[in-house]
Amino acid sequence: MYHLKIDHQQKTPKYLKIVDSIIIDIEKGVLKKNQQLPSLNELSSSSDLSRDTVEKAYRILKDRGVVTAVKGKGFYVNGLENHKIQILLILNKLSSYKKRIYYAFLEILQDKADVDLQIHHYNPYLFEEIIAENLGKYDYYVVVPIFGFQADESQIMNTLEKITNNKLMFLDKEFPRYQQNCPSVFQDFEWDVFNTLEGCQTQLIKYKRLVLVFPSDNNCPIEIIRGTRTFCSRYKKDFFVKEHLIDEKLEPDTIFLVIEDSDLADLIKKVRLSGLRLGEQIGIISFNDTTLKELLDITVISTDFEAMGKTAATMILNKQKDKIKNPFFMIQRGSL
């Protein structure tokens, strides 16, 4: 008689624990192809679970093609030989940079996986809905856990805990409150920014002020402010955080660190109207490279988005459980 192996410490719904247990045992060879599974009543009785819970689990396994239902006989193991990996990729937004991650992710997986894409738009309630609607349907849930520093972390944590631990992967950023051993490909926003600025300190000596243009929507990682502040404190630069540049009067010997492209455009206009020399009296560093920034000769700092997507996909194919810091770099141009 087959016996389930369920971790009662996990907060995952019971029917998903059944699904995960059966899939793991198929992968290990405990359950063989064409082997009959216990009936609903048998598994319910032996596992001390309700019949409805077992039936829901079997239905999910059937929908995913892992088992076959034979009328009048029961459920039989199909096996996983021809089973494509099912992945739900949940991004915070669909920017040009996140598209790079997505397409690099698909490039590595090719026909080995089916990938569905959802966007939570920094909204914990929408994220909760996405997970609730898709529990049990996927082998992996790849999540960008960026919600802004005013989001309710307890709500996000409760949602994450509903996902079986070995099915969850963090992308772009880790979620510190999640203490389980979860694979991730992440940026370290605080120290990436600090180390990159420190690495070009020779070019920054001429600037006495640093202005970080940090959007007011609260969606950007707060760690960017911490890393920039630490750099300014260590190298004795006046540090300011501005939500926008509408009323900003440009002063010589100022370097601007700009996150959003709309603020970058406003800043370039102001510099041109001011008569101050870009790269000498005023400096600009922008987040994330584009062809236009290259043409405008704007210095950028960025993570390697293509590498992030490719690394995550490779980890899934190889069933790796590592935590990998993604490369971060600067491209120095005339605006510095």
Side-chain angles (χ1 to χ4, degrees), residues 2-31 37 43 47 49 53-54 56-67 77-91 105 108-109 112-118 127-128 130-145 156-186 308-325:
Y2 172 68
H3 293 285
L4 287 171
K5 303 173 188 66
I6 290 179
D7 182 0
H8 293 286
Q9 300 300 314
Q10 286 195 353
K11 295 183 179 180
T12 310
K14 291 178 181 178
Y15 70 92
L16 290 183
K17 293 179 182 179
I18 298 173
V19 171
D20 295 336
S21 178
I22 289 175
I23 289 177
I24 289 171
D25 283 342
I26 293 173
E27 290 174 342
K28 290 180 176 178
V30 175
L31 288 169
L37 292 171
L43 196 59
S47 305
L49 296 167
T53 298
V54 176
K56 190 172 184 178
Y58 275 16
R59 190 185 313 124
I60 288 173
L61 290 165
K62 177 177 173 292
D63 290 343
R64 291 178 58 180
V66 177
V67 305
V77 176
N78 267 341
L80 301 172
E81 297 88 350
N82 300 316
H83 175 67
K84 277 190 176 183
I85 304 170
Q86 302 298 307
I87 302 170
L88 181 60
L89 176 61
I90 309 175
L91 302 178
F105 192 67
I108 296 299
L109 293 169
K112 300 181 181 68
D114 292 324
V115 181
D116 291 332
L117 178 64
Q118 295 266 15
F127 177 56
E128 185 176 28
I130 291 170
I131 295 303
E133 291 173 2
N134 291 284
L135 277 177
K137 297 180 181 179
Y138 296 90
D139 299 300
Y140 289 93
Y141 297 79
V142 183
V143 177
V144 176
I156 299 166
M157 186 67 184
N158 289 336
T159 303
L160 291 170
E161 287 180 336
K162 293 175 183 176
I163 305 170
T164 306
N165 177 250
N166 63 4
K167 294 177 178 289
L168 178 62
M169 171 184 280
F170 289 136
L171 193 64
D172 203 12
K173 187 178 186 291
E174 294 198 292
F175 193 75
R177 285 190 59 178
Y178 190 86
Q179 297 298 312
Q180 301 297 320
N181 186 24
C182 173
S184 61
V185 186
F186 65 95
M308 184 179 292
K310 290 178 179 180
T311 300
T314 300
M315 289 173 64
I316 288 174
L317 292 178
N318 295 335
K319 298 184 178 180
Q320 295 172 247
K321 300 298 181 183
D322 305 308
K323 296 179 182 293
I324 298 178
K325 184 183 176 303

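The nearest pair of heavy atoms linking Tyr138 to Leu88 is CD2-N, 3.5 Å. Contact record, Val185 with Met308: CG1-CG, 3.9 Å, taken as the closest heavy-atom pair. Of all non-hydrogen atoms in Ala313 and Leu109, the two that sit nearest each other are CB-CG, 3.7 Å. Taking every heavy atom of both residues into account, Val19 and Ala57 meet most closely at CG2-O, 3.7 Å. Shortest non-hydrogen contact noted between Met315 and Asp322 is CE-O, 3.1 Å. Across every non-hydrogen atom of Gly136 and Leu16, the tightest pair is CA-CD2, 3.2 Å.
Annotation for Lys62: atom NZ does not count as buried by contact number, only 12 or fewer foreign heavy atoms lying within 6.0 Å.
Side-chain atoms of Gln86 come within 3.5 Å of backbone atoms of Lys84 as a donor-acceptor pair (strictly under, hydrogens ignored). At least one donor-acceptor pair under 3.5 Å links the side chain of Asn78 to the backbone N or O of Gly65. Lys137 places a side-chain N or O within donor-acceptor distance of the main-chain N or O of Glu133, the cut-off being under 3.5 Å.
Under the 30°/60° scheme for interplanar angles, the aromatic rings of Phe170 and Phe175 are found to be tilted.
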Checklist entry - Is there a side-chain contact (heavy atoms from CB on, under 4.5 Å) between Ile131 and Ile90 once you walk through the steps? => result CA-CA 9 Å; Ile131 295 303; Ile90 309 175; 3.6 Å; yes

Checklist entry - Does the pair Thr314 and Gln320 meet the rule for a side-chain contact (heavy atoms from CB on, under 4.5 Å), with working shown? => result CA-CA 8 Å; Thr314 300; Gln320 295 172 247; 4.2 Å; yes

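For Ile85, the side chain to side chain contact (heavy atoms under 4.5 Å, CB included) partners are Ile87, Ala113, Asp139, Tyr140, Ile316, Leu317, not counting sequence neighbours. Annotation: side-chain hydrogen bond (donor to acceptor under 3.5 Å, both in side chains) contacts of Lys323 (sequence neighbours excluded): Glu174.
Using a 3.5 Å distance cut-off with no hydrogens or angles, the side chains of Asn134 and Tyr141 do not pair a donor with an acceptor.
In this structure, CG on Leu31 lies 11.0 Å from CD1 on Ile23, to the nearest 0.5 angstrom. Summarising the geometry, atom CD belonging to Glu161 is positioned 10.5 Å from atom CD1 belonging to Ile163; distances are rounded to the nearest 0.5 Å. Note: Lys325 NZ to Thr311 OG1 = 12.0 Å, rounded to the nearest 0.5 Å. Note that the CZ atom of Arg177 and the CD1 atom of Ile156 stand 9.0 Å from one another [nearest 0.5 Å]. Taken to the nearest 0.5 Å, the NZ atom of Lys56 stands 13.0 Å off from the NZ atom of Lys14. Atom-to-atom distance recorded for Arg59:CZ and Asp63:CG is 7.5 Å, nearest 0.5 angstrom.
For the pair Leu160/Phe127, a side-chain contact is recorded, criterion being any heavy-atom separation below 4.5 Å from C-beta on.
Screening Val142, Val144, Val143 for a side chain to side chain contact (heavy atoms under 4.5 Å, CB included) involving Leu91 leaves a single residue, Val144.
Ion pairing between a basic and an acidic side chain is recognised when a charged N comes within 4.0 Å of a carboxylate O; Lys167 and Asp20 show such pairing.
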